[in-house]
Amino acid sequence: MSNRHSLEPIADETFFDTAPMRYRIDVNLPVSPEYAWSEFTRQNTLDWCRALKSVTYTSAQPYRVGTTRSIALAPGFATMEETFFIWDEKPETRTYRHAFHGVRGSMPGLKRFGELTEVSPAEHGCRLVWLFGIELGGTALPSWLSSPVSSGAFGTVETDTLRHFAKR
């Protein structure tokens, strides 16, 4: 795609606390941490989210820091290549987390984008904390205009995720 551009990397997880635009999903899911993690780390993950057309791991398993993935937003006109900079699996404590940053994308004005996903035990099922950080630049919509748009999209992701895991 000729309209792809490089995004700036994210050095560490502090970006999710300091990004100009942040969104947080913090919910309990009625499934084990292991099952939830397996859903977030399988090929074609997030197929339950209407906002996404496809999510494909482009690295071979086992996944770890440096793993790559590509995504296409629905209906498929916006794409991004991602690299994971955190990948922690601790079966002994049943806690799992990973984080990526966008490397190249087709969304003009997107300077930095990242997600951090954490799954841990809860009294019933597991707790999912899913953080999103966005920094716009260049020709992007001003944040006061784009925030309501992105909040609606992230709200759909949350609703779709709760619905998906409620069926299990």
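All values below were derived from every heavy atom in this structure, side-chain atoms included, with hydrogens, water molecules and symmetry-related copies excluded.
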Does any part of the side chain of [Y], heavy atoms only, come nearer than 4.5 Å to the side chain of [X], both counted from C-beta?
X	Y	value
C126	P121	no
V129	I25	no
R94	E34	yes
E118	L128	no

State the [atom1]-[atom2] distance between [X] and [Y], to the nearest 0.5 angstrom.
X	Y	atom1	atom2	answer
T41	Q61	OG1	CD	7.5 Å
T45	L52	OG1	CG	9.0 Å
R163	R50	CZ	CZ	5.5 Å
L110	E135	CG	CD	9.5 Å

Inset, instruction - Verify the ring-centre separation between Y35 and W37: is it less than 6.0 angstrom? - result: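 Centroid distance W37-Y35: not below 6.0 Å, so no.
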Legend entry - Electrostatic pair R97:E89 at N-O distance under 4.0 angstrom: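 E89 and R97: not salt-bridged.
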Legend entry - Side-chain ion pair, D47 and K53, N-O less than 4.0 Å: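 Looking at D47 and K53, the cut-off is not met.
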Is there a path of hydrophobic side-chain contacts, each under 4.5 Å between heavy atoms of I, L, V, M, F, W or Y residues, that connects [X] with [Y]?
X	Y	result
I134	L73	yes
M80	Y23	yes
L7	V55	yes
M21	F16	no
L116	F85	yes

Give the minimum heavy-atom separation between [X] and [Y], together with the two atoms involved.
X	Y	answer
G133	A19	CA-CB, 3.8 Å
P9	R112	O-CD, 3.3 Å
G137	K111	N-CB, 4.0 Å
G125	P33	O-CD, 4.1 Å

Inset, instruction - Could you go through the side-chain contact (heavy atoms from CB on, under 4.5 Å) check for E115 and F113 one step at a time? - result: CA-CA 7 Å; E115 291 181 21; F113 177 84; 3.7 Å; yes
Inset, instruction - May I ask you to decide if the ring planes of W87 and F84 are parallel, tilted or perpendicular, using 30° and 60° as cut-offs? - result: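 Rings of W87 and F84: perpendicular, over 60°.
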Legend entry - Steps toward side-chain contact (heavy atoms from CB on, under 4.5 Å) verdict (T161, W130): CA-CA 11 Å; T161 299; W130 200 353; 3.4 Å; yes
Any side-chain to backbone donor/acceptor pair from [X] onto [Y]? Under 3.5 Å, distance only.
X	Y	value
R22	P20	no
D88	Y96	no
H124	P30	no
H164	C49	no

Legend entry - Stepwise side-chain contact (heavy atoms from CB on, under 4.5 Å) check, I71 with T79: CA-CA 6 Å; I71 64 132; T79 61; over 6 Å; no
Go through the side-chain N and O atoms of [X] and [Y] and say whether any donor and acceptor fall under 3.5 Å apart.
X	Y	answer
R104	S6	yes
S54	T56	no
T68	T83	no

Legend entry - Passing candidate, ring-ring contact (aromatic ring centres under 6.0 Å, His included) with F40, options Y57, Y63, F100, W48: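 Exactly one option meets the ring-ring contact (aromatic ring centres under 6.0 Å, His included) with F40, and it is W48.
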Inset, instruction - May I ask you to check whether over 12 heavy atoms, not counting those of E123, lie within 6.0 Å of atom CD? - result: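 Atom CD in E123 is not packed in, count stays at 12 or less.
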